[in-house]
Amino acid sequence: MIVGLKALLFDKDGTLFDFSGTWAGVTEAVIHALAPTPDAAVEMATAGGFDLATRRYAPGSVIVAGTPAQIAATWAPFRPDLSQHQLAREIDRICLEAAEDASLLAPASRDLPGLLNGLAARGLALGVATNDTYQGATQQLTMAGVEGAFSYIAGSDSVSRPKPAPDMILGFADHLGHTAAGHGARSIAMIGDSVHDLEAGRAAGCGLTIGVLTGPATARDLGAYADHIIPSIDALPELLDALAAQ
């Protein structure tokens, strides 16, 4: 094991799960449920960084990296009949209902439970930090059969400031007792598919930031914020072995 590395903190969507494979259908459902007209649906999708025709997300999409409240702020002009708080609640409600279909889950690993068990067997604590809500996160992880692998799960509603702020990561360090022990977040590797994830890792003082390419962002997008970039979390054990051998 890498000297000083004691824990791995994962983003959820785009990292533990392939983003487009898992969320494109849910995104379509949310947009069509909330859009007042077909033309508005196209405009809402574009504003959110999603192409309805190709079902692709743009790098920096608020749907990918944002919280329900941030998505609601983007879509507020299309639904003046709802307050931003009401709109955020509707986005969250529709997402939770649509995401109950387990067939929509597309894990970013060939064997997600096996991968996580193998990482835990190395003596590493595992956590999740997502800009989804806590309820949305636990629902999805439970459906995938991996919620029990994580000692810490934080959503955008678990902290005062979501990513790219460092609050979730610092909360993980506190949970592990690393802050009290003087290690802070230096003993944590932050793993994510977006600039927000890696910015949060840098802001928290993580000892390692690792970008994955199972979300919309490219290696070029992540390069300035990641210590290492891998195709998916399946390559994480090999990376950790290589770093330990240095």
Side-chain angles (χ1 to χ4, degrees), residues 11-106 128-144 147 153-165 167-168 171 192-197 200 215-217:
D11 170 55
K12 178 170 68 71
D13 297 311
T15 303
L16 294 173
F17 301 92
D18 177 87
F19 201 98
S20 294
T22 297
W23 286 102
V26 176
T27 299
E28 289 175 332
V30 173
I31 290 172
H32 288 303
L34 293 175
T37 66
D39 286 344
V42 174
E43 293 174 6
M44 287 173 66
T46 300
F50 180 68
D51 189 318
L52 281 173
T54 63
R55 305 181 90 214
R56 292 181 179 175
Y57 297 87
S61 164
V62 68
I63 299 172
V64 174
T67 67
Q70 290 166 338
I71 298 170
T74 300
W75 286 347
F78 301 96
R79 290 300 303 263
D81 56 315
L82 298 175
S83 70
Q84 286 191 29
H85 178 69
Q86 290 172 322
L87 185 54
R89 288 182 59 122
E90 277 298 286
I91 291 168
D92 192 38
R93 179 187 66 78
I94 299 167
C95 279
L96 287 171
E97 289 180 358
E100 287 178 355
D101 183 356
S103 68
L104 294 176
L105 286 179
V128 174
T130 174
N131 274 356
D132 192 0
T133 62
Y134 174 79
Q135 182 180 0
T138 54
Q139 173 182 298
Q140 193 172 345
L141 294 169
T142 298
M143 288 170 60
E147 182 187 3
I153 300 171
S156 61
D157 51 353
S158 304
V159 294
S160 298
R161 300 177 300 167
K163 295 177 293 186
D167 298 32
M168 294 184 203
D193 70 297
S194 76
V195 169
H196 272 13
D197 300 325

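Positions are given from 1 along the sequence. What you see below is based on every heavy atom in this structure, not just the backbone, and it leaves out hydrogens, waters and symmetry mates.
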- Message: Go through it in stages, so that I can follow the logic: the residues are Thr130 and Ile153, the test is side chain to side chain contact (heavy atoms under 4.5 Å, CB included), and I'd like the CA-CA distance, side-chain angles, deciding distance and then a yes or no.
- Response: CA-CA 8 Å; Thr130 174; Ile153 300 171; 5.5 Å; no
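- Few gaps surround CZ on Arg93; more than 12 heavy atoms of other groups in view lie less than 6.0 Å from it.
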- Task: Starting from the C-alpha separation in whole Å, work towards a yes-or-no answer on side chain to side chain contact (heavy atoms under 4.5 Å, CB included) for Lys12 and Asn131.
- Result: CA-CA 8 Å; Lys12 178 170 68 71; Asn131 274 356; over 6 Å; no
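- Atom CD in Gln84 sits 15.0 Å away from atom CZ in Arg89 (nearest 0.5 Å).
- Side-chain N or O atoms of Gln140 include none that pairs as donor or acceptor with a backbone N or O of Ala137 at under 3.5 Å.
- Between Lys163 and His196, the shortest heavy-atom contact is O-CD2, 3.8 Å.
- In terms of modelled atom types and a separation under 3.5 Å, the side chain of Asp101 and the main chain of Ala98 share no donor-acceptor contact.
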- Stepwise side chain to side chain contact (heavy atoms under 4.5 Å, CB included) check, Val42 with Ile31: CA-CA 9 Å; Val42 174; Ile31 290 172; over 6 Å; no
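- Every residue meeting the side-chain contact (heavy atoms from CB on, under 4.5 Å) condition with Ser160, not counting sequence neighbours, appears here in chain and number order: Asp167.
- Taking both residues in full, the closest heavy atoms of Pro36 and Arg79 are given as CD-CD, 4.2 Å, listed atom of the first, atom of the second, then distance.
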- Task: Show the numbers, then the answer: is there a side chain to side chain contact (heavy atoms under 4.5 Å, CB included) between Gln139 and Thr133?
- Result: CA-CA 10 Å; Gln139 173 182 298; Thr133 62; over 6 Å; no
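- If you take CG on Asp11 and CE on Met168, they are separated by 9.0 Å, rounding to the nearest 0.5 Å.
- Formation of a donor-acceptor pair under 3.5 Å by the Thr74 side chain with backbone atoms of Gly48 is not found in this model.
- Between Asp132 and Thr67 the shortest side-chain heavy-atom distance does not fall below 4.5 Å.
- Shortest non-hydrogen contact noted between Ala88 and Pro68 is CB-O, 3.8 Å.
- Residue pairs meeting the ring-ring contact (aromatic ring centres under 6.0 Å, His included) criterion with at least one partner in residues 44-98, sequence neighbours excluded, are Phe19-Tyr57, Phe50-Tyr57.
- The CD atom of Gln135 sits 11.5 Å away from atom SG of Cys95, with the distance rounded to the nearest 0.5 Å.
- A side-chain donor from one of Thr142 and Glu147 sits under 3.5 Å from a side-chain acceptor of the other.
- Distance check, rounded to the nearest 0.5 Å: CE of Met143 to CG of Leu105 gives 4.5 Å.
- By the 4.5 Å heavy-atom criterion applied to side chains, Ser61 and Pro216 are not counted as neighbours.
- The CG atom of Asp13 sits 12.5 Å away from the CD1 atom of Ile63 when rounded to the nearest 0.5 Å.
- For the atom pair CG of Leu87 and CD1 of Ile71, the computed distance is 9.5 Å after rounding to the nearest 0.5 Å.
- Minimum interatomic distance between Pro162 and Gln70 (heavy atoms only, all atoms of both residues): CG-NE2, 4.4 Å.
- Between Leu52 and His32, some side-chain heavy-atom pair lies under the 4.5 Å cut-off.
- Residues satisfying the side chain to side chain donor-acceptor pair (under 3.5 Å) test with Asp193, not counting sequence neighbours, are Thr15.
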